[in-house]
K.L.:
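Please find one structure pasted underneath; my questions will follow.
Order of the sequence lines fixes the chain letters, A, B, ..., with proteins taken first and strands second; residue numbering starts at 1 for each chain.
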2 protein chains.
Amino acid sequence: MSNQGQVPAEVIDCCSPLAREPLSGAQAVELSRLFKALGDPVRLRLLSLIASHEGGEACVCDLTGVFDLTGPTISHHLKVLRQAGLISGDRRGTWVYYRAEPDALRRLSAVLVPDAVVGA
Amino acid sequence: MSNQGQVPAEVIDCCSPLAREPLSGAQAVELSRLFKALGDPVRLRLLSLIASHEGGEACVCDLTGVFDLTGPTISHHLKVLRQAGLISGDRRGTWVYYRAEPDALRRLSAVLVPDAVVGA
DNA sequence: GCCCTGGATCGACGACTGTCAAGGTAGAGA
DNA sequence: TCTCTACCTTGACAGTCGTCGATCCAGGGC
């Protein structure tokens, strides 16, 4: 349940907002990996379900029932979100719990708009 | 050079931030279309080049030289960004100029973070 | 009229992505 | 230990995406 392969935070932190100066190739590659992870309706709903769940975390069993998809497919989408660093997961007993990573969302938000409130 | 097929603004405006309540299926589909448009390094750099260009707009001829890609490919990526409503373009004489749509970027930013400054 | 230049569209190809069925692993309880 | 549940991984398939060459359209200058 480790999060190996996720985008290193410092790459994003160094990014200026889109409209201030052009992105370098490396910055664009790292950022696009995050946006691509959000570019699927199922993953967007999964992230939303996790982030808005009480306690800020959700068990996989809370998520599978919502969609008309098989377990492996949900698991695949969760892995994509995890590798992008947008969520993190840990096993507690029988169940696996996922939690959103607000820092990653704030960094993405800050890239889109120069004057977004990042420190909130 | 019309922007037909782009995401209607009201669909995004009605979206609560991800972490406040779960996205509906329709909201997720529309939002994922925007994020998917940003999920490619070339398109991310194109948007950044346009948004940060002096005057807030850039001619296609300013963009093609930056990448190691053919004209049709650049044109394709610009079309994807245009259909997502992230940029708009108009022909002035021989050249076509593209301009970023700050409102679309702000809406996306607001979805990611509940307390982002949207009205700025 | 003709030709040149800047861009867009079309058609095709390889690569990647989303999905599922089958099988595997970890923890809990008998 | 054996079994059940919860979840992940693998392998395979269809559909989508990024890219290019070829072609087409619109404006400007001759």
K.L.:
Mind calculating the distance between CG (A:L69) and C1' (C:dC20) to the nearest angstrom?
P.N.:
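The answer, rounded to whole Å, is 10 Å.
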K.L.:
At under 4.0 Å between heavy atoms, what does A:G93 touch on the DNA or RNA strands: base, sugar-phosphate, or nothing?
P.N.:
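Touches sugar-phosphate only.
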K.L.:
Heavy atoms only, 4.0 Å cut-off, all strands: where does B:I74 land among base, sugar-phosphate and nothing?
P.N.:
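No contact.
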K.L.:
When you measure from the side chain of B:T70, which nucleotide among D:dC20, D:dC7, C:dA28 comes out closest?
P.N.:
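Minimum distance to the B:T70 side chain belongs to D:dC20.
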K.L.:
Among C:dG7, D:dA6, D:dC8, find the nucleotide with the atom closest to the side chain of A:S75.
P.N.:
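In terms of side-chain proximity for A:S75, the closest of C:dG7, D:dA6, D:dC8 is D:dC8.
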K.L.:
Would you indicate what A:R92 reaches in the nucleic acid, counting non-hydrogen atoms under 4.0 angstrom: base, sugar-phosphate, or nothing?
P.N.:
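Here A:R92 touches no strand at all.
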K.L.:
Are the side chains of B:S32 and A:D40 in contact, using a 4.5 Å heavy-atom criterion?
P.N.:
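The answer is no; the side chains never approach within 4.5 Å.
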K.L.:
Please tell me if the side chains of B:L78 and B:L63 come closer than 4.5 Å, counting only heavy atoms from C-beta onward.
P.N.:
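Counting from C-beta outward, B:L78 and B:L63 do come under 4.5 Å.
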K.L.:
Please report, rounded to the nearest Å, how far the C1' atom of D:dC8 is from the NE2 atom of A:H76.
P.N.:
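Spelled out: NE2 on A:H76 to C1' on D:dC8 is 13 Å.
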K.L.:
Nearest to the side chain of A:V60, heavy atoms from C-beta on, is which of D:dT19, C:dG7, D:dC7?
P.N.:
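Closest of the options to the side chain of A:V60: D:dC7.
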K.L.:
Atom CG of B:D68 to atom C1' of D:dG18: distance rounded to whole Å?
P.N.:
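So the two atoms are 15 Å apart, to the nearest Å.
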K.L.:
For the side chain of A:W95, counting heavy atoms from C-beta on, which of C:dT9, C:dG6, D:dA6 is nearest?
P.N.:
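It is D:dA6.
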K.L.:
What's the shortest heavy-atom distance between A:V66 and A:R45, and which atoms?
P.N.:
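What the structure gives for the nearest pair is CG1-NH2, 3.8 Å.
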K.L.:
CG of B:L38 versus C1' of D:dG18: gap in Å, rounded?
P.N.:
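Rounded to the whole Å, the gap is 16 Å.
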K.L.:
When you get a sec, tell me which of C:dT19, C:dG7, C:dT9 is the closest nucleotide to the side chain of A:H77?
P.N.:
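Looking only at side-chain atoms, A:H77 lies closest to C:dT19.
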K.L.:
Considering heavy-atom distances to DNA chain C, does A:T94 or A:R43 have its closest nucleotide positioned more toward the 5' end?
P.N.:
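Residue closer to the 5' terminus by nearest nucleotide: A:R43.
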K.L.:
Can you tell me the distance, in whole Å, between the CG atom of A:L78 and the C1' atom of D:dA6?
P.N.:
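Taking atom C1' of D:dA6 as the reference, CG of A:L78 is at 13 Å.
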K.L.:
Can you tell me which nucleotide in C:dG6, C:dT9, C:dG18 comes closest to the side chain of B:R82?
P.N.:
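Selected nucleotide (nearest to the side chain): C:dT9.
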K.L.:
Taking the side chain as everything from C-beta on, heavy atoms only, tell me whether A:F35 gets closer than 4.5 Å to B:L108.
P.N.:
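No; the side chains remain at least 4.5 Å from each other.
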K.L.:
Is there a side-chain contact between B:I50 and B:H53 in this structure, where contact means two heavy atoms from C-beta onward sitting under 4.5 Å apart?
P.N.:
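In short, these two side chains do not touch, never coming nearer than 4.5 Å.
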K.L.:
Under 4.0 Å between a side-chain N/O of A:Y98 and OP1 or OP2 of D:dC8, yes or no?
P.N.:
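Yes, such a contact exists.
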K.L.:
Expressed as a whole number of angstroms, how long is the span from B:K79:NZ to D:dG18:C1'?
P.N.:
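So the NZ-C1' distance, B:K79 to D:dG18, works out to 14 Å.
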K.L.:
To the nearest Å, how far apart are A:Q83 CD and D:dC8 P?
P.N.:
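Computing the A:Q83:CD to D:dC8:P distance gives 13 Å.
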K.L.:
Could you go through B:W95 and B:V60, starting from their C-alpha distance and side-chain angles, then the distance that decides it, and tell me whether this counts as side-chain contact (heavy atoms from CB on, under 4.5 Å)?
P.N.:
CA-CA 7 Å; B:W95 289 276; B:V60 177; over 6 Å; no
K.L.:
Of the nucleotides D:dT9, D:dT5, C:dT19, which has the atom closest to the A:T73 side chain?
P.N.:
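Of all the options, the side chain of A:T73 is nearest to C:dT19.
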K.L.:
Rounded to the nearest Å, what distance is computed from the CG atom of residue A:D90 to the P atom of nucleotide C:dG27?
P.N.:
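Computing the A:D90:CG to C:dG27:P distance gives 12 Å.
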K.L.:
When you measure from the side chain of B:V96, which nucleotide among C:dG18, D:dC8, C:dA8 comes out closest?
P.N.:
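The closest nucleotide is C:dA8.
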